[in-house]
Number of protein chains: 2
Amino acid sequence: MRADAKKNYDRLLATAREAIAEHGADASLRDIARRANVGLGTLYRHFPTREALLEALLRANLDELTRQAERLETSDAPDVALTSWFRAGLAFTRTYGGVVSLMAAALEDPDSALHKSCTDVRSAGARLLQRAQAKGLARADIDGTDLFALMGALAWVGDQPAFSRRVDHLAEIIANALLER
Amino acid sequence: MRADAKKNYDRLLATAREAIAEHGADASLRDIARRANVGLGTLYRHFPTREALLEALLRANLDELTRQAERLETSDAPDVALTSWFRAGLAFTRTYGGVVSLMAAALEDPDSALHKSCTDVRSAGARLLQRAQAKGLARADIDGTDLFALMGALAWVGDQPAFSRRVDHLAEIIANALLER
DNA sequence: ACCTGAACACCGTTCAAGT
DNA sequence: ACCTGAACACCGTTCAAGT
């Protein structure tokens, strides 16, 4: 990448990080380009879709979430590992509002720039879940997609001002429900 | 209301019902006016906000949900009544996609046209919950807002194509979690 | 009393023209 | 190779002008 292109890329990403932290995943792309002092076409050149921009923004966090699952798999007790990871996933969610809807859509769309990161996270969670299920420490009637769905559901709760105060409490209830039976 | 105004009002509501069933709560208001063969200003005259339009659309359903809670309170066993109503609320949700986010926002905004309907539903649920809690049939650490939040969370799950197949199953798990302890 | 649609200020996306 | 911004097709919202 040419030096000037790299500079624009970096500035766009930094600006997008601010804008999306402030306005959520549906922040105005036009506004991001404007605040980055870059032409609108330049934004589209570097990030052809909103998903591509979010992928660049979230890749580090999502990879870390996947790696954390792998670490927990060899360290903690299966049930503790599962609920710890569940909470970590939810915590990630809180950095950018409204991001889980895009992630849910990306699971279904192989062409989405977010597809691989999201299916990786789902697989990582599924393995933690299966490990707990194998020891009889988690309920047997759920899978990795259910785990992802419940994390997304709680993220939605956290995104609503009317409910965000209660999200930790509700997360605990649901995390416990994963271990029942 | 003048006869011609009433006609426009009814046509707008019927068209909105179709459009919102098809495209969800953020359907284009312009498109609704267009499809109803009515000027855009006429839509705004009858429904000054999107919430006002949804209020007109949902009032009957939300009132019915509130009344259903009252009926269940005098008929069924407290725990059965609670979970039945929880499922009924979720079923209502499925008629129009994306409607729960507006409802959650309306809880926090006393000026929203949806405010009263939503707080009424919350109160109705809270009473069913308290009745079950008084008999030790529901967990004691949740309130009516939590109940609303969990319904909304499951509605969100139902709105995501990646998860909608699992929403009934996840609803059962969460409904059971309400009764624990 | 009610209706209309132009006007304004925003979007997302594309693409011809420039360096 | 990369950048720019006008152009296009959409929004939501308001309001002067009409009947």
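We name chains A, B, ... by the order of the sequence lines, and we start the count at 1 in each one. The structure displayed is predicted, hence computed values, not measured ones.
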Seminar exercise, completed: Heavy atoms of B:L150 and B:L178 approach each other most closely as CD1-CD2, 3.7 Å
Seminar exercise, completed: Side-chain contact check for A:S28: nearest option of D:dG12, C:dC11, D:dC11 is C:dC11
For this session: Assign B:R45 to base, sugar-phosphate, or nothing according to its heavy-atom contacts below 4.0 angstrom with the strands shown.
Result: base
For this session: Return yes when atom CZ of B:R139 has more than 12 non-hydrogen atoms of other residues, nucleotides or ligands closer than 6.0 Å, and no otherwise.
Result: yes
Exercise. Would you say a side-chain N or O of A:H46 is under 4.0 Å from OP1 or OP2 of D:dC3?
Worked result: yes
For this session: Consider only side-chain N and O atoms of A:W156 and A:S101, and report whether a donor and an acceptor are under 3.5 Å apart.
Result: no
Exercise. Nearest of C:dC11, C:dC2, D:dT13 to any side-chain atom of B:R30?
Worked result: D:dT13
For this session: Select base, sugar-phosphate, or nothing to describe what A:A3 touches, counting heavy atoms under 4.0 Å on all strands.
Result: nothing
Problem set entry | Modelled atom types, side-chain donor and acceptor of B:D141 and A:H169, under 3.5 Å | yes
Problem set entry | Distance in Å, B:W85 CH2 paired with B:E73 CD, rounded so as to fall on 0.5 Å steps | 11.0 Å
Problem set entry | Phosphate-side-chain proximity, A:N8 and D:dC3, N/O vs OP1/OP2 below 4.0 Å | yes
Exercise. Can you name the closest pair of heavy atoms from A:G97 and A:D159 and give their distance?
Worked result: CA-OD1, 3.6 Å
Exercise. Do B:S117 and B:R59 have side-chain N/O donor and acceptor atoms under 3.5 Å apart?
Worked result: no
For nucleotides 15-19 of chain D, print each protein N/O atom paired with a nucleotide N/O atom at under 3.5 Å, atom names and distance only.
none

Exercise. In which ranges does DNA chain D form stems of 3 or more consecutive Watson-Crick or G-U pairs, distances under 3.5 Å?
Worked result: C:4-8 with D:12-16, C:12-16 with D:4-8
Exercise. Between the side chains of B:T145 and A:R166, does any donor sit under 3.5 Å from an acceptor?
Worked result: no
